[in-house]
Every structure is written in structure tokens, then in C-alpha cells.
Amino acid sequence: GQNIDQPTEMTATEGAIVQINCTYQTSGFNGLFWYQQHAGEAPTFLSYNVLDGLEEKGRFSSFLSRSKGYSYLLLKELQMKDSASYLCATSGTYKYIFGTGTRLKVLA
Amino acid sequence: ETGVTQTPRHLVMGMTNKKSLKCEQHLGHNAMYWYKQSAKKPLELMFVYNFKEQTENNSVPSRFSPECPNSSHLFLHLHTLQPEDSALYLCASSQESRVSYEQYFGPGTRLTVT
């Protein structure tokens, strides 16, 4: 079957670092995406990993281990505007599977 | 501006009504998608169109009927819906669906079925 697990909620302090984990089971794996979704808004693309390792993009980094079916999104120097849901999604031929999302609250 | 627009943004309809949701993308993409987003549930892929051809119907009830007249426009026709169909309906597009391109989402239509 196909399944994605990520924590429901996380809380962190402004300026801190937070890691959001995602584990997946999927057939025909063709990459892993992270999207950010602010309340009441559309999801927006953050990162894509298809090979093992770390991809860094400014304050955000994403890691993938295909053998372990595991990814994480690392957010550094947290800002209040980072309060949002973070969606992990895997892609295969013609099909995307999303996780339920992790709601991150950044506290002052 | 994500380049993907959806209308209407909010819709309230009775169970016997017929309505349509519209999506338009201005990004030159070839794949378009309909998703359903309910509270505390993952985004559920409903339909995928690649170069105007439907490539995925994710066991969606026939009361939802998609239409893709061209690569820029996507419709979701609704009839005899149930209250449990109340949700946010998101449209998305990508370069194409056969390889892993990022998806661009529209703002969604908040549907309430009474």
C-alpha cells in the first residue's frame, strides 16, 4: 500500500531550528515534495528530493533517504511567518500522495 | 499570484443542485489536477489530466464529473452532492504528470453542501 506519516502538530520558538519528519511507503517512487500551506491559502512548493541527501535552499533544507523511506524538512532561524502546515508528498507515475500535514506554530 | 485561478471561491449548494467549479492556469502547463481537502485529512487526489486526457480517476463518485476542454481549463461539475462532500476543492497544474514536476495550486473553492 501507499502511506505517508508525519506529526500532526509541532511548536517551536522564533529564531530556533525545527525538524519535521516524514516517513513513507509507496510504489513507483519518483521523488518527495514538501509544500507549505498557510491557513486559508493554497499549498506552495518548498522542495523536491529524488536522490538521497540534503538539499539546502536558504533557511529551509530537505533530506531524503530512499532506503529508509524517510525525509525531513529543516527550518532554521524560525520566523513568525513560518507558522503554517507543512505537507509531505510522494510522487509516482501519474500519482501524488500527500500526508496529512504538520501544523507548525512558531511562538514569540 | 500563483498563476492558477479558481472560481467561485465560496459555494453553498443544496443536495439537489447542479453547479460547476472552474479552474484556469496561465503557466503553459500540460497537466491539471483536482484535489479535495477536508479537515484533518490529507489532500485527496481526485482526477488528473495530462495533455487534456484523463489519466487518473481516484475512485471518485460519479456525482463529481470533470471536464478538461484544453490544457488551460479544468472544470468539476457537481450534482446531487452529499453533506460529506463539503470541503475545500483545490485545482493544481504542473508541467506534465508523467515526471515529477512541482505543482502549482489555485486558492481553492470552499464548498458547503446543505
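Throughout, protein chains are lettered first and strands after them, A, B, ... in sequence-line order, and every chain is numbered starting at 1.
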message = Side chains of B:E67 and B:L74, heavy atoms from C-beta outward: is any pair under 4.5 Å?
response = no
ask   = In residues 45-74 of chain A, which residues are in contact with chain B at a heavy-atom separation under 4.5 Å?
value = A:F45, A:Y48
remark   = Per-residue tally against chain A (heavy atom, under 4.5 Å) across B:K40, B:Q37, B:K41, B:E44 peaks at B:Q37
inquiry  = On a heavy-atom basis, which atom in B:Y89 and which in B:L111 lie closest, and how many Å separate them?
reply    = CE1-CD2, 3.6 Å
key: Heavy-atom pair of closest approach, residues B:Q25 and B:M32   = CG-CE, 3.7 Å
key: Region of B:L43 that comes under 4.5 Å of a non-hydrogen atom in chain A   = both
ask   = Do A:K76 and A:L78 have side chains that get closer than 4.5 Å, going by heavy atoms?
value = no
query = Going from CG on B:L21 to OG1 on B:T109, what distance comes out if it is rounded to the nearest 0.5 angstrom?
reply = 4.5 Å
message = Heavy atom to heavy atom, less than 4.5 Å: which residues from residues 100-108 of chain A reach chain B?
response = A:T100
query = Checking side-chain contact (heavy atoms from CB on, under 4.5 Å) for the pair B:E102/A:F33: CA distance, chi angles, key distance, verdict?
reply = CA-CA 8 Å; B:E102 67 199 71; A:F33 292 86; 4.1 Å; yes
ask   = Honestly curious: do B:M46 and B:V113 fall in one hydrophobic cluster under the side-chain, below-4.5 Å linking rule?
value = yes
remark   = So, the part of A:L87 with a heavy atom under 4.5 Å from chain B: the answer is side chain
query = Looking at CZ of B:F47 and CG of B:N58, how far apart are the two atoms once the value is rounded to the nearest 0.5 Å?
reply = 9.0 Å
ask   = Per the ring-ring contact (aromatic ring centres under 6.0 Å, His included) rule, which among B:Y33, B:W34, B:Y35 passes with B:F105?
value = B:Y35
key: Minimum heavy-atom distance between B:P69 and B:H73, given as atom pair plus value   = CD-O, 3.5 Å
request  = Please report the C-alpha distance between B:H29 and B:S93 in whole Å, then the side-chain angles of each, then the deciding distance to 0.1 Å, and finally whether the side chain to side chain donor-acceptor pair (under 3.5 Å) criterion is met.
outcome  = CA-CA 6 Å; B:H29 289 163; B:S93 71; 2.8 Å; yes
